[in-house]
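What follows is a set of notes on a single structure, which appears directly below.
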Amino acid sequence: MHEEFKVVSPVAMLGYGVREDALSAVMELGPHAIGVDAGSTDAGPYKLGAGRADVSAEMTERDIALSMRAAREAGIPFIIGSAGGSGGEPHVRWTLERVRNVLREMAWQPNVGVIWADVPLTMIGDAMRDGRLGQLDEADPTRDRLLPQHTEVAVAQMGYEPIISALDEGFEVIVAGRSVDSAIFAAPAIRAGMPPEQALHAGEIIECASLCASPGSAREAAVATVRRDGFRIESGLETRACTPASVCAHSLYERTNPFITQGPGYELDLTESKFVAVDARAVEVSGTRIRSRPLTVKVEGVRRIGFRTIVVAGVRDPIAVETLGLSLEEVLQITEHEFESQWKDVVSVRFLQYGKDAVMGPREFELSGPNSHELGLVIDVIAQTEELSETVCGFLRATLQHFMYPGIKATGANLAFPFSPSDIRCGAVHEFTVYHQMAVDRWQDVFRVEEFNMRSLR
Amino acid sequence: MTTMRKLIEDATVVRTKNAGPFTLTYDVLFVSRDRYLAWQASDAFRTDEIARTLHRRSEEVEIIWYPPANAVKIVVPRLLPAGSWGDSDIFGCQQHAPLMDLELTS
């Protein structure tokens, strides 16, 4: 029976580049498990839709090698959650390939467990029909755009239960699909008898590794020591301090509410949580509470809406800068006329003028600021097919390049291109179709734990 | 005598970031409990004032004071879901500038 349970978070995101010295330092403390988060939806729908990660295979293998070697030396489990950026089937397989490559180098053959988190499309349809698919925030107008019935690929966020089940099976290395961040770290501690509220709150703080320290670092390990009545947070190296202020500040980060967190089947309440400095570099947290809630899982799904081609260009001529807005309107009209019969297949055309409200758009408040002497222009075209997006973008670019705007003196051409070729294909574009809570009877309805045979990989 | 202080002078952190792909959160960490209390008591953080500054409707704005970190969080729905077509700041990390210029008169 554990009196306390230490869990390590080596890096904020698998593939960001684990700092080896910081990981070694926390391994000295004798941890009982290593977890690592590998995914997020904050960067939008692309990763899930394309079935790709947004970190390199090489950096991911390097981070897996450092973390998995440390886990093996210590004889403790190694858990990857939200594998491959989105935790869908291709992301999990991609991660298993990275694990396989590292295991070959290590000449180690551990029991590898996998937890699938894919949601079949029929399940979404059934849940809609049965009224089990609820909006996360009914009041949010941006969510009216969500169309669950058009979902092409979907995953659900697992809580700690499937990961505990995988640990019960005796897997030494676990690759989990889409996961609640804190569950990756909380699962082994809860399994060892620690209260879920302590383990989950600790997991929330260390999921971004030492970003909870001051100064923060996404690449340096943090460790949580979970006990029955609270937990301690510390960072690996002397140069980082976990202080009440730094740890509290992290409770705000990327969250809508610093006091309440919703998870599958529970609600974590931090209203009475106390953060106390143990010494200059460690913080004790206690007082966190938990309430049980009906079991729901968050479902994330996307569909492809087309293909993108962009052009990046600079405009420096003062008369061209002055008239650019009008020129763009006219060039768009000319293009729309030219492609009239195909325009229904053009999903979106956008001009971003950097130097003129490109970042904040209609929410820009510096309305009377000085005009920029140059503008950065991005032409962004999305169309149903890759060919059409390239054709329309190319036509827009060529037309603008030689557009004779009123008062023109510079009859050479209008656009300074930094790249050759000027037109850049960006591939498929996706959008979220479902981002809802789905009520389920038991976690086994969605998540599947199984042993993974490494030889089944190509 | 009245003095005017800008938020940026009283804050160690002023930032925005996504909280999931549909929500944008503004975090301000004040330099001290004293400055936190002064701003909390001011009109600058009235919901309607914040809504005006951020070009939002008041109903869209939620303001949460967080004493453990001497911090305040403002939560608004994103204009567009993160990374959908038309989005201009996928991580929502460059939307905080209007807050820096908030003024406190005392």
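Per chain, numbering begins at 1; letters A, B, ... match sequence-line order.
- Proximity of a side-chain donor or acceptor of Gln95(B) to a complementary backbone N or O of Val359(A) within less than 3.5 Å is detected.
- At a threshold of 4.5 Å between non-hydrogen side-chain atoms, the residues Lys73(B) and Pro258(A) count as touching.
- The two residues Ala82(B) and Phe432(A) have their closest heavy-atom pair at O-CE1, 3.9 Å.
- Ranked by heavy-atom pairs under 4.5 Å with chain A, the list Pro21(B), Pro68(B), Gly20(B), Ser88(B) is led by Pro21(B).
- Chain B forms the most heavy-atom pairs under 4.5 Å with one residue out of Val247(A), Thr41(A), Leu252(A), and that residue is Leu252(A).
- Looking at Pro81(B) and Tyr435(A), their side chains never come closer than 4.5 Å, going by heavy atoms from C-beta outward.
- For chain A, the nearby part of Asp87(B) is the backbone; its heavy atoms alone come within less than 4.5 Å.
- Atom CG of Asp89(B) and atom CZ of Arg363(A) lie 13.0 Å apart (nearest 0.5 Å).
- The candidate with the highest count of non-hydrogen atom pairs below 4.5 Å against chain A, out of Thr25(B), Thr16(B), Thr12(B), Ile64(B), is Ile64(B).
- For Asn257(A), the parts lying near chain B are the backbone and the side chain together; criterion is any non-hydrogen pair under 4.5 Å.
- Side chain of Ser84(B) to backbone of Glu431(A): no donor-acceptor contact under 3.5 angstrom is found.
- The two atoms that bring Ala69(B) and Cys248(A) nearest to each other are CB-CB, 3.6 Å, heavy atoms only.
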Verify side chain to side chain contact (heavy atoms under 4.5 Å, CB included) between Trp85(B) and Arg308(A), making sure each step is shown before the conclusion. CA-CA 10 Å; Trp85(B) 63 267; Arg308(A) 169 177 279 139; 4.3 Å; yes
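- For Leu29(B), the part lying under 4.5 angstrom from a heavy atom of chain A is the side chain only.
- Glu300(A) does not touch chain B: none of its heavy atoms, backbone or side chain, sits under 4.5 Å away.
- Within the 4.5 angstrom heavy-atom criterion, only side-chain atoms of Ile305(A), from C-beta onward, approach chain B.
- Proximity to chain B (any heavy atom under 4.5 Å) is shown, for Ala249(A), by both the backbone and the side chain.
- Under a cut-off of 6.0 angstrom, the local environment of CZ in Arg52(A) is sparse, with at most 12 non-hydrogen atoms contributed by other residues, nucleotides or ligands.
- You'll find the side chain of Leu54(B) stays beyond 4.5 Å of the side chain of Phe365(A), heavy atoms only.
- No more than 12 heavy atoms of other residues, nucleotides or ligands lie within 6.0 Å of CD1 in Ile8(B), so this atom counts as exposed by the packing criterion.
- Residue Tyr46(A) does not touch chain B at all, counting heavy-atom pairs closer than 4.5 Å.
- The residue among Ser246(A), Ser40(A), Ala43(A) with the most heavy atom pairs within less than 4.5 Å of chain B is Ala43(A).
- A donor-acceptor contact shorter than 3.5 Å is absent between the side chain of Asp42(A) and the backbone of Phe91(B).
- Side-chain contact between Phe22(B) and Leu146(A) is present, with heavy atoms from C-beta onward closer than 4.5 Å.
- The distance from the CG atom of Asp27(B) to the CD atom of Glu254(A) is 10.0 Å, given to the nearest 0.5 Å.
- Atom OH of Tyr16(A) has 12 or fewer heavy atoms from other residues, nucleotides or ligands within 6.0 Å.
- Looking at Leu79(B) and Pro362(A), their side chains come closer than 4.5 Å, going by heavy atoms from C-beta outward.
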